[in-house]
Amino acid sequence: MNILLWHVHGSWTTAFVQGPHTYLVPVTPDRGPDGLGRARTFPWPESVVEKTPAELRHAPVDLVVLQRPHEAGLAERWLGGRRPGRDVPAVYLEHNAPDGDVPHTRHPCADRDDLTLVHVTHFNRLFWDNGGTRTEVIEHGIVDPGHQYTGAIERAAVVVNEPIRRGRTVGTDLLPGLSAAAPLDVFGMRTDGLAEHLGLPPDRCRTADLPQAELHAAMAQRRLYLHPVRWTSLGLSLLEAMHLGMPVVALATTEAAEAVRPGTGTLSNRPEVLARAARTYLEDPDAAAEDGARARQAALERYGLKRFLHDWERLITEVQR
């Protein structure tokens, strides 16, 4: 099939395009948010094909995967009047937990009878008000980076984009207290100036923005993965850390309790418990490696690529009928 989707979430798309189809990704001259085209820092197969809006007008499209509310209008214009959900089968993929009047947040696709609303976690489906729209949950899948963990660097890895702007949502305010237990290496976009913003010595909070391949290698050298995020769908970086074989120390919020099973790390909503767990891993590398190995096994079983692609193939077949 030819599947149209926008390049919105690089990590998720990297897994999705491992399937057996041709994936049409819009590209515009400015490569802006509605026309990023192929990823430059993720390994995408040749089956991902860039298409300009003009080329899409007469392109055969068997399914549209919408991910943002305005994409339905874009698709109709760029597909020459073909309406997603009416003239072309469509699903709406919701990456995020609701934001706003939780738990009364009404989804933009609530009460639609022409498409399927797909959530990436059961928590998200529960907390969004989906109305009468048919909903499905297809949990994340990860392209396995391999068991790279060494834990040789006695620091905690944190992966978050824009921690200064996003603040409490991603637990930025918790970092000073946690950094007292374990020095932090914070990876992600727009992390520059974080230590100064938090009033931390540079050595307690280092930052870097790395492409995915380099990021995985760097994460795996750190002793543990720290996930202080209060409100998120389910961070793909958390699942990637588990695939790498890293032990996890995380807030027990949203879907984290489903992913981080006993024996794979520490979950708690008490920052002092997380700090104590991080300190224990720094002092006991054998325990860190053992919990990390169990984390990898748990992640492979629940968030493996094969299961993810199988679930999507089932849904794609259903919406084509």
Side-chain angles (χ1 to χ4, degrees), residues 1-25 39 42 44-45 47-48 61-69 71-72 75 84-85 88-99 105 107-110 112-145 231-240 242-243 254-261 298-321:
M1 287 188 226
N2 291 327
I3 298 177
L4 171 64
L5 77 159
W6 275 261
H7 176 185
V8 173
H9 192 308
S11 294
W12 181 88
T13 308
T14 297
F16 184 69
V17 299
Q18 304 304 314
H21 307 291
T22 297
Y23 304 90
L24 309 180
V25 179
F42 293 90
W44 286 3
S47 56
V48 183
V61 174
D62 302 298
L63 175 69
V64 180
V65 177
L66 304 169
Q67 300 170 77
R68 297 168 296 175
E71 289 179 358
V88 184
V91 300
Y92 189 103
L93 172 65
E94 179 54 69
H95 290 283
N96 300 316
D99 182 20
T105 318
H107 196 276
C109 289
R112 293 277 297 268
D113 63 1
D114 59 343
L115 54 71
T116 298
L117 175 55
V118 183
H119 292 288
V120 296
T121 71
H122 293 276
F123 179 93
N124 289 2
R125 179 167 68 174
L126 178 67
F127 273 75
W128 276 106
D129 176 3
N130 305 302
T133 305
R134 179 199 175 191
T135 61
E136 290 276 349
V137 176
I138 298 182
E139 295 185 312
H140 287 302
I142 302 293
V143 178
D144 183 13
W231 191 254
T232 184
S233 182
L234 179 60
L236 281 170
S237 57
L238 170 65
L239 301 181
E240 289 168 354
M242 294 174 70
H243 273 75
T254 62
E255 192 86 349
E258 291 283 333
V260 183
R261 309 307 299 166
L300 287 171
E301 290 173 0
R302 182 157 185 172
Y303 302 103
L305 184 65
K306 183 177 180 180
R307 190 274 311 155
F308 171 79
L309 293 175
H310 178 271
D311 288 353
W312 270 103
E313 285 307 298
R314 173 189 55 78
L315 179 62
I316 289 170
T317 299
E318 290 176 4
V319 300
Q320 289 288 316
R321 291 173 182 167

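This structure is a prediction, so every number in the text was calculated from the model and none was measured.
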Working to the nearest 0.5 Å, report the span between [atom1] of [X] and [atom2] of [Y].
X: Arg307; Y: His140; atom1: CZ; atom2: NE2; value: 9.5 Å
X: Leu24; Y: Asn2; atom1: CG; atom2: CG; value: 5.0 Å
X: Leu234; Y: Leu239; atom1: CG; atom2: CG; value: 4.5 Å
X: Tyr23; Y: Trp44; atom1: OH; atom2: CH2; value: 11.5 Å
X: His243; Y: Tyr303; atom1: NE2; atom2: OH; value: 10.0 Å
X: Leu93; Y: Glu136; atom1: CG; atom2: CD; value: 12.5 Å

Answer whether the closest heavy-atom distance between the side chains of [X] and [Y] falls below 4.5 Å.
X: Leu236; Y: Ile142; result: yes
X: Ile316; Y: Met1; result: yes
X: Leu315; Y: Thr116; result: yes

All salt bridge (charged side-chain N to carboxylate O under 4.0 Å, His left out) counterparts of [X], not counting sequence neighbours:
X: Asp99; answer: none
X: Glu318; answer: Arg134, Arg314
X: Arg112; answer: Asp114

message: Please verify the inter-ring angle class for Trp312 with Phe308; under 30° counts as parallel, over 60° as perpendicular, anything in between as tilted.
response: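 It falls in the perpendicular class, over 60°.
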Where do [X] and [Y] come nearest, in terms of heavy atoms and distance?
X: Val48; Y: Val25; answer: CG1-CG2, 3.4 Å
X: Gly85; Y: Ala90; answer: N-CB, 3.4 Å
X: Ala15; Y: Leu305; answer: O-CD1, 3.7 Å

How about Thr105 and Trp128: does a side-chain donor come under 3.5 Å of a side-chain acceptor?
->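 Short answer, no.
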Report task. Verify whether one side chain among His122 and Glu258 offers a donor that lies under 3.5 Å from an acceptor in the other. Result ->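 The criterion, which ignores hydrogens and geometry beyond distance, is not satisfied for Glu258 and His122.
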Could you check Thr133 against Leu115 for side-chain contact (heavy atoms from CB on, under 4.5 Å), going step by step and ending with a plain yes or no? CA-CA 8 Å; Thr133 305; Leu115 54 71; 4.1 Å; yes
Judged by atom type as modelled, is there a donor-acceptor pair below 3.5 Å linking the side chain of [X] to the main-chain atoms of [Y]?
X: Glu240; Y: Pro145; answer: no
X: Asn130; Y: Arg125; answer: yes
X: Glu71; Y: Leu66; answer: no
X: Gln67; Y: Trp6; answer: yes
X: Ser233; Y: His95; answer: yes

Derivation of the side-chain contact (heavy atoms from CB on, under 4.5 Å) call for Thr254 and Thr121: CA-CA 9 Å; Thr254 62; Thr121 71; over 6 Å; no
(Q) The criterion is side chain to side chain contact (heavy atoms under 4.5 Å, CB included); which residues satisfy it with Ala97, sequence neighbours excluded? (A)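 Residues passing side chain to side chain contact (heavy atoms under 4.5 Å, CB included) with Ala97: Asn124, Trp231.
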Please enumerate all residues that pass ring pair (Phe, Tyr, Trp, His ring centres under 6.0 Å) together with His21, with sequence neighbours excluded.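 His21 satisfies ring pair (Phe, Tyr, Trp, His ring centres under 6.0 Å) with no residue once adjacent residues are dropped.
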*asked:* Restricting to ring pair (Phe, Tyr, Trp, His ring centres under 6.0 Å), what partner residues turn up for Phe42, sequence neighbours left out?
replied: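 Applying ring pair (Phe, Tyr, Trp, His ring centres under 6.0 Å) to Phe42 gives none.
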